Amino acid sequence: MLQIFNTRTRRMEPFEPTDPKAVRLYVCGVTVYDDCHLGHARMLVIFDMVVRYLRQSGYGVRYIRNLTDIDDKIIRRAAELGETVEGLTRRMIDRFHGDQEALGVAPPDAEPSATGHIGAMVHLIERLWDRGVAYQGENGDVYFRVDRFPTYGCLSGRRLEELRAGSRIGIEETKADPLDFVLWKAAKPNEPAWPSPWGHGRPGWHIECSAMSMAHLDLPIDIHGGGQDLEFPHHENEVAQSEAATGEPFVRYWIHNGFVQVGQDKMAKSQGNFMTIREALTRYDRETLRFWLLASHYRSPVTFSEENLVQARFSLERLYLALRGLGEPDSPDSAALAPWQSRFSAAMDDDFNTPDALAVLFDLVREINRVRTADPDRACQLGTGLREMARVFGLLELDPETFLRGGGGEVTDEWIEERIHERQRLREAGQYAEADRIRQQLLDAGILVEDGPEKQARWRRRSPAAS
RNA sequence: GGCCAGGUGGCAGAGUGGUCAUGCAGCGGCCUGCAAAGCCGUCUACGCCGGUUCGAUCCCGACCCUGGCCUCCA
């Protein structure tokens with residue numbers, strides 16, 4: 001049975017969705033003001049894996065992931081670029097969708113946008129207003145009154161006194177309490193604005209996710225996810241607003257993924273140490289990227305570096321090498337796979353322990369390689385199983401030769417084939433020194449020639465960093 | 001300052017009170033014309049100091065160090 005580490009309780013809990021047949025999953029998506037970087041990729045890939053695993057485990061899943069398409073950064077960026085807010089967000093959403101597809105991430109079942117849910121947000125704020133937990137400051141902004149929500153801080157394990165004692169909270173005199181947060185921002189000149197009972201303005205960030213998740217999912221939501229940096233204050237505020245408005249529990253299991261780091265630092269736009277998904281995909285293939293992201297547990301930090309990505313590529317090559325040359329089995333035999341399948345599930349059931357699950361895949365690879373000559377049909381059985389298990393990670397979806405020969409390079413396949421034929425002639429003539437020269441020539445071009453039992457030698461590309 | 005997470009072998013990265021993670025790299029062997037791939041074997045570990053225990057990397061306590069959040073953030 002699946003156990004999930006729930007951020008709210010900080011412990012493992014058996015996963016029992018409200019409706020055993022349909023998991024309600026909401027993940028905080030991205031703010032569309034710029035290209036997404038590898039930090040966003042981690043979130044996308046991790047929750048893609050979560051959804052795939054839940055579905056493979058027999059659950060129906062309704063997966064909602066939002067788009068924040070109105071906020072300060074967007075307005076500022078649009079102004080800088082001399083572009084309309086709508087034009088900017090439309091462009092960025094298209095690019096984001098391109099990134100998603102390029103990463104092999106299945107789209108969510110619905111992708112609500114903030115500007116498409118202004119009415120729901122206003123309505124939600126009205127409910128908070130009616131319950132006396134919202135008020136309007138002198139500047140026209142509407143705030144949530146934090147001390148009216150007794151359990152404020154429960155998600156992130158903070159207490160109001162501790163937060164107030166913190167030195168980093170700026171004092172804003174229009175708030176009754178420095179910890180109160182904005183529900184509705186009064187419009188400034190030349191900003192996009194929508195009408196509301198409190199005047200023209202736009203929604204605060206936190207209210208978006210409360211309104212959008214409730215618009216698309218029944219309460220309580222089973223799993224609400226996002227990056228660790230959203231734990232406080234974003235998710236804390238979501239809980240406060242949602243539960244204060246509805247009077248019922250908002251979310252049952254909170255899942256937060258760890259950061260992508262560069263050296264010792266978190267990868268972030270503000271740090272300037274980021275690499276966009278687009279750029280990463282010009283340097284590494286998507287399965288290598290996914291492997292790298294899934295080779296660490298989702299709650300641990302993962303470090304972006306050339307060495308780590310090259311290592312991921314090599315590891316993945318071992319999986320593909322095992323698959324190379326395996327056909328379809330004569331008849332499926334699930335019993336042959338049972339031991340690995342159960343170890344794999346046990347790993348995944350343990351809070352999505354993908355590194356442990358990957359280790360099972362490698363053990364399976366060893367077994368495939370061991371039996372492939374003596375018992376080819378069993379090897380095929382196991383190979384099919386390997387692919388099936390890897391599907392949860394979005395890995396091993398390519399033809400092995402395609403993967404192994406891919407990765408780019410300056411030389412054409414035709415040239416390679418021609419050289420290999422030439423070398424084969426020399427080998428048959430016993431001119432090994434000449435043949436080896438060609439092998440070296442190919443190797444210098446990043447091509448590894450492998451003589452097999454067949455007459456025709458196989459080849460594959462080594463990534464440039466291999467040497 | 002407050003709160004949270006973590007420190008595992010050359011690197012990456014799981015896990016466990018007492019045999020084995022796994023991948024990459026290294027070393028030896030088999031295989032190969034030579035290689036590659038593969039198989040077999042093998043070496044480098046659990047931050048530091050105490051405590052509990054027959055036994056601790058794993059439990060408890062102190063200490064050191066790192067990261068994150070407390071401000072926009074996946």
Side-chain angles (χ1 to χ4, degrees), chain A residues 7 10 27-31 33 36-47 65 68 71-73 76 153 156-159 161-170 179 205 225-234 236 256-261 264-271 274 291-292 295-297 299-303 305 307-308 310-319 321-322 324-325 347 350 353-363 365-366 368-373 404 427 430-433 435-436 439-440 443 448-453 457-460 462 466:
Chain A
T7 307
R10 282 173 205 288
V27 172
C28 285
V30 299
T31 300
Y33 72 104
C36 289
H37 58 69
L38 291 173
H40 302 103
R42 168 119 111 142
M43 173 274 288
L44 292 171
V45 169
I46 282 169
F47 287 101
R65 194 187 60 222
T68 295
D71 94 320
D72 291 343
K73 285 199 295 275
R76 200 182 319 127
S156 55
R158 284 154 216 256
R159 284 180 307 194
E161 313 86 74
E162 286 165 352
L163 288 165
R164 291 200 183 95
S167 54
R168 299 180 61 189
I169 296 173
L179 295 175
W205 177 39
Q228 239 157 35
D229 44 2
L230 300 186
E231 204 176 305
F232 188 89
H234 184 55
E236 191 70 59
H256 291 97
N257 67 271
F259 300 124
V260 172
Q261 296 192 341
Q264 292 279 54
D265 303 316
K266 169 184 169 185
M267 178 180 284
K269 278 276 157 57
S270 53
Q271 301 249 20
F274 61 93
F291 188 99
W292 163 65
S296 303
H297 184 88
R299 279 188 280 118
S300 302
V302 64
T303 303
S305 69
E307 311 88 86
N308 288 356
V310 168
Q311 229 183 71
R313 166 81 196 185
F314 284 1
S315 300
L316 198 48
E317 279 179 7
R318 179 164 160 84
L319 299 181
L321 283 166
R324 183 155 71 161
D350 181 21
N353 192 336
T354 54
D356 201 16
L358 284 170
V360 175
L361 263 38
F362 284 103
D363 285 341
V365 161
R366 178 167 297 109
I368 289 169
N369 288 330
R370 261 198 288 245
V371 304
R372 65 188 315 144
T373 22
L404 293 167
R427 289 182 70 210
Q431 298 177 19
Y432 291 118
D436 285 350
R439 189 215 295 285
Q440 188 56 48
L443 200 56
L448 195 65
V449 181
E450 301 176 277
D451 301 318
R458 291 197 283 203
W459 63 272
R460 61 192 170 99
R462 296 301 279 172

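The structure displayed is predicted, hence computed values, not measured ones. Chain letters run A, B, ... following the sequence lines, proteins first and then strands; every chain starts at 1.
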Pairwise P distance, B:U57 and B:G38 [rounded to whole Å]: 34 Å
Listed partners of A:Val360 passing side-chain contact (heavy atoms from CB on, under 4.5 Å), at least two apart: A:Trp340, A:Arg343, A:Phe344
Sugar-phosphate, base or nothing in reach of A:Val27, heavy atoms under 4.0 Å: nothing
Sugar-phosphate only, base, or nothing, as touched by A:Gly39 at under 4.0 Å among non-hydrogen atoms: base
Nearest-Å distance once atom P is located in both B:C60 and B:U16: 14 Å
Interatomic distance at C1', B:A14 relative to B:A45, whole Å: 13 Å
Sole candidate of A:His37, A:Met43, A:His40, A:Arg42 that passes side-chain contact (heavy atoms from CB on, under 4.5 Å) when paired with A:Val260: A:Arg42
Sugar-phosphate, base or nothing in reach of A:Asp363, heavy atoms under 4.0 Å: sugar-phosphate
Touch class at under 4.0 angstrom, heavy-atom based, for A:Lys269 against every strand present: nothing
Return the polar atom pairs (N/O with N/O) between nucleotides 36-39 of chain B and the protein under 3.5 Å, or none.
unit_1	atom_1	unit_2	atom_2	d
B:A36	O2'	A:Glu450	OE2	2.9
B:A37	O4'	A:Glu450	OE2	3.1
B:G38	OP1	A:Arg318	NH1	3.2
B:G38	O3'	A:Asn369	ND2	3.0
B:C39	OP1	A:Arg318	NH2	3.3
B:C39	OP1	A:Asn369	ND2	3.4
B:C39	OP2	A:Arg318	NH1	3.4

5' precedence on RNA chain B between A:Asp436 and A:Ser315 (nearest-nucleotide basis): A:Ser315
Parallel, tilted or perpendicular, as decided by the 30° and 60° cut-offs, for the rings of A:Phe362 and A:Phe291: perpendicular
Review item, nucleotides 11-15 of chain B N/O atoms under 3.5 Å of protein N/O:
unit_1	atom_1	unit_2	atom_2	d
B:C11	O2	A:Gln311	NE2	3.0
B:A14	OP1	A:His297	N	2.7
B:A14	O3'	A:Asn353	ND2	2.9
B:G15	OP1	A:Asn353	ND2	3.0

Involving RNA chain B, stems made of at least three consecutive Watson-Crick or G-U pairs, both distances under 3.5 Å: B:1-7 with B:64-70, B:10-12 with B:22-24, B:26-30 with B:38-42, B:49-51 with B:59-61
Under-3.5 Å donor-acceptor pair between A:Asp265 side chain and B:G67 base: no
Protein proximity profile, nucleotides 26-32 of chain B - base contact B, sugar-phosphate-only contact S, no contact -, cut-off 4.0 Å on heavy atoms: -------
Salt bridge present between A:Arg299 and A:Glu231 (N-O < 4.0 angstrom): no
Non-neighbouring partners of A:Arg458 that pass side-chain contact (heavy atoms from CB on, under 4.5 Å), sequence neighbours left out: A:Arg324, A:Glu401
Sugar-phosphate only, base, or nothing, as touched by A:Tyr432 at under 4.0 Å among non-hydrogen atoms: base
